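To keep things clear, I will list the structure first and then write my remarks on it.
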Amino acid sequence: PPVISGSTAQALLECHYCHFDAFLGNDPHPPLLEGVDRIRHIPTIAVQGALDYICPVRTAWDLHVAWPAAEVRVVGGAGHSMYDSAITHELLVATDYFRLLGPNWELAPLPPAN
């Protein structure tokens, strides 16, 4: 495969996402919320920027209402970018948690929010 820069990869990902209507189409009830029963058994930590105007906090709240076991961590002062240092921190905390669980991920409680 060709080698591309990180910024080119990010642009291609965003174009793909937009081309497919964020994988939601024009449906007023997004498929993730309607199909949450298929993934409800997977421990989840959603990291959400409090100042994210692309995916507002309301979307994370709607996910939590449909899937109460999914933990939502709202990061104050952060927006949409995973490159925001506070968002990156929470993503690394969540990733490390699941990495340490290994194959026993379904047995452990979620870690406390920082």
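Predicted, not measured: the structure shown is a model, and the values here were computed from it. The figures here come from the full heavy-atom set of this structure, side chains too, leaving out hydrogens, waters and symmetry mates.
In this structure, the separation between CG on Leu92 and CZ on Arg99 is 10.0 Å, given to the nearest 0.5 Å. Rounded to the nearest 0.5 angstrom, Ile54 CD1 and His80 NE2 are separated by 4.0 Å. For the atom pair Ser81 OG and Leu51 CG, the distance stands at 12.5 Å (nearest 0.5 Å). For the atom pair Thr8 OG1 and Leu13 CG, the distance stands at 12.5 Å (nearest 0.5 Å).
Minimum heavy-atom separation, His41 to Arg38: CE1-O, 3.4 Å. Between Ile87 and Met82, the closest heavy-atom pair is CG2-CA, 3.6 Å. Minimum heavy-atom separation, Gly49 to Val57: O-CG2, 3.6 Å. Scanning both residues, Val75 and Ala86, for their nearest heavy atoms gives CG1-CB, 3.3 Å. The shortest heavy-atom contact between Ala94 and Ile45 is CB-CD1, 3.8 Å. The two residues Gly77 and Ala50 come nearest to each other via the heavy atoms N-CB, 4.2 Å.
Between the side chain of Gln48 and the main chain of Cys55, a donor-acceptor pair closer than 3.5 Å is present. A side-chain donor-acceptor contact under 3.5 Å links His64 to the backbone of Ala70. At distances below 3.5 Å, at least one donor-acceptor pair connects side-chain atoms of Thr88 with backbone N or O atoms of Asp84. In this structure, Ser7 contributes its side chain and Ser5 its backbone to no donor-acceptor pair below 3.5 Å. Side chain of Arg40 to main chain of Ala66: a donor-acceptor pair is present (N/O by atom type, distance under 3.5 Å, no hydrogens or angles).
When hydrophobic clusters are built by joining Ile, Leu, Val, Met, Phe, Trp and Tyr residues whose side-chain heavy atoms come closer than 4.5 Å, directly or via intermediates, Val65 is not grouped with Leu63. Hydrophobic clustering (side-chain heavy atoms under 4.5 Å, transitive across Ile, Leu, Val, Met, Phe, Trp, Tyr) groups Val47 together with Tyr83.
Looking at heavy atoms from C-beta onward, Asp37 lies out of side-chain contact with Trp67 at the 4.5 angstrom threshold. In this structure the side chain of Trp61 never reaches within 4.5 angstrom of the side chain of Val72, judged on heavy atoms. Between Val93 and Arg73 the shortest side-chain heavy-atom distance falls below 4.5 Å.
With Tyr97 as the partner, the side chain to side chain contact (heavy atoms under 4.5 Å, CB included) test is satisfied by one option alone out of Leu100, Thr95, Leu101: Leu101.
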Residues Thr44, Glu71; criterion side chain to side chain contact (heavy atoms under 4.5 Å, CB included); working and verdict: CA-CA 6 Å; Thr44 300; Glu71 181 175 336; over 6 Å; no
